[in-house]
Amino acid sequence: FKNRKIMAVYTPKQFVKQVSSIRSSFSSQIQDALEYSLMIANEQFDENFDNEGFTDMHHQPWNTNHPQTIKDKGHDTILKGKTGKLRRSQDNRLFRTGGYRAARVFYKVIGKDGKDYAHKMNFGFINQNGSYVPKRKFIGRSKKLDARVRSVFVSAVKKAFNTNYTIGR
């Protein structure tokens with residue numbers, strides 16, 4: 001017992017108060033971590049547009065446009081277009097599901113054909129002329145992003161539970 005360090009001794013009433021404080025702190029830390037994680041995800045998906053490719057553990061560049069497409073559009077950038085509508089369509093949601101808080105980043109642009117253009121570009125599709133348009137993934141699961149988000153949450157949990165206590169009688 002000589003080297004044992006007791007940080008605090010609580011009565012049962014003090015203990016309940018401390019647990020309540022930790023719970024409140026934990027809830028606040030998780031909310032902050034969710035919001036920060038959304039910001040990290042937004043930055044990564046924005047980088048995918050800048051780099052014209054999906055970034056997981058390494059960069060996966062998009063296929064280039066066909067020369068005729070470049071001629072028709074007047075530019076060779078991919079998924080940036082003149083309007084940037086797809087990139088700007090990013091939406092973030094913080095929501096509750098099954099009693100838990102969750103975060104989601106998604107893109108949605110309805111194309112001229114009435115279909116979700118973002119989904120089509122992310123997975124590839126057959127266009128009106130019957131030609132295959134290759135996928136140009138810009139959003140999805142990423143080990144790099146998962147690792148960054150995991151780090152944010154581990155830090156939040158550590159911060160919320162940064163209290164040592166013992167129960168006194």
Side-chain angles (χ1 to χ4, degrees), residues 23-162:
R23 180 176 180 232
S24 175
S25 173
F26 182 73
S27 180
S28 174
Q29 293 297 328
I30 294 301
Q31 181 68 26
D32 290 349
L34 275 171
E35 291 172 8
Y36 186 61
S37 295
L38 278 175
M39 186 184 77
I40 290 170
N42 291 339
E43 287 173 359
Q44 179 165 332
F45 299 139
D46 242 7
E47 287 173 17
N48 292 338
F49 279 94
D50 289 340
N51 299 333
E52 295 189 352
F54 186 72
T55 303
D56 192 356
M57 295 309 281
H58 61 279
H59 185 252
Q60 301 165 15
W62 296 329
N63 293 327
T64 57
N65 277 331
H66 187 274
Q68 185 60 45
T69 305
I70 294 169
K71 184 179 175 189
D72 292 346
K73 288 184 172 184
H75 60 82
D76 64 349
T77 57
I78 304 167
L79 288 189
K80 293 181 181 179
K82 293 177 183 174
T83 66
K85 191 174 183 180
L86 179 58
R87 186 178 190 164
R88 288 194 325 273
S89 73
Q90 183 180 33
D91 196 0
N92 306 319
R93 299 274 166 89
L94 287 172
F95 58 95
R96 287 189 172 275
T97 177
Y100 297 97
R101 291 182 181 153
R104 182 176 179 206
V105 178
F106 60 94
Y107 291 78
K108 184 144 185 142
V109 173
I110 303 302
K112 294 175 188 173
D113 60 359
K115 298 197 174 132
D116 182 3
Y117 180 73
H119 179 81
K120 287 169 44 174
M121 291 310 298
N122 210 41
F123 294 99
F125 64 99
I126 306 288
N127 69 14
Q128 296 161 337
N129 302 331
S131 301
Y132 177 71
V133 177
K135 77 175 184 175
R136 288 168 177 150
K137 187 174 178 125
F138 60 93
I139 190 168
R141 291 296 301 255
S142 162
K143 290 177 185 174
K144 176 183 170 187
L145 178 60
D146 286 350
R148 289 178 70 192
V149 169
R150 189 176 307 108
S151 170
V152 168
F153 278 92
V154 166
S155 175
V157 169
K158 283 181 179 178
K159 190 172 180 182
F161 287 99
N162 194 17

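- At distances below 3.5 Å, at least one donor-acceptor pair connects side-chain atoms of N51 with backbone N or O atoms of E47.
- To the nearest 0.5 Å, the span separating CZ on F153 from CG on D32 amounts to 10.0 Å.
- Note that the OG atom of S151 and the CG atom of D146 stand 12.5 Å from one another [nearest 0.5 Å].
- The neighbour count for Y36 OH, taken as heavy atoms of other residues, nucleotides or ligands under 6.0 Å away, does not exceed 12.
- Of the inter-residue distances, the one linking L145 atom CG with R150 atom CZ reads 10.0 Å to the nearest 0.5 angstrom.
- For the atom pair CD of Q60 and CG of N48, the computed distance is 9.0 Å after rounding to the nearest 0.5 Å.
- Taking CZ from F49 and CZ from F54, the interatomic distance works out to 11.5 Å, rounded to the nearest 0.5 Å.
- The number of heavy atoms from other shown groups lying within 6.0 Å of NZ (K135) does not exceed 12.
- Shown here for Q44 and S142, the closest heavy-atom pair between the two residues is NE2-OG, 3.1 Å.
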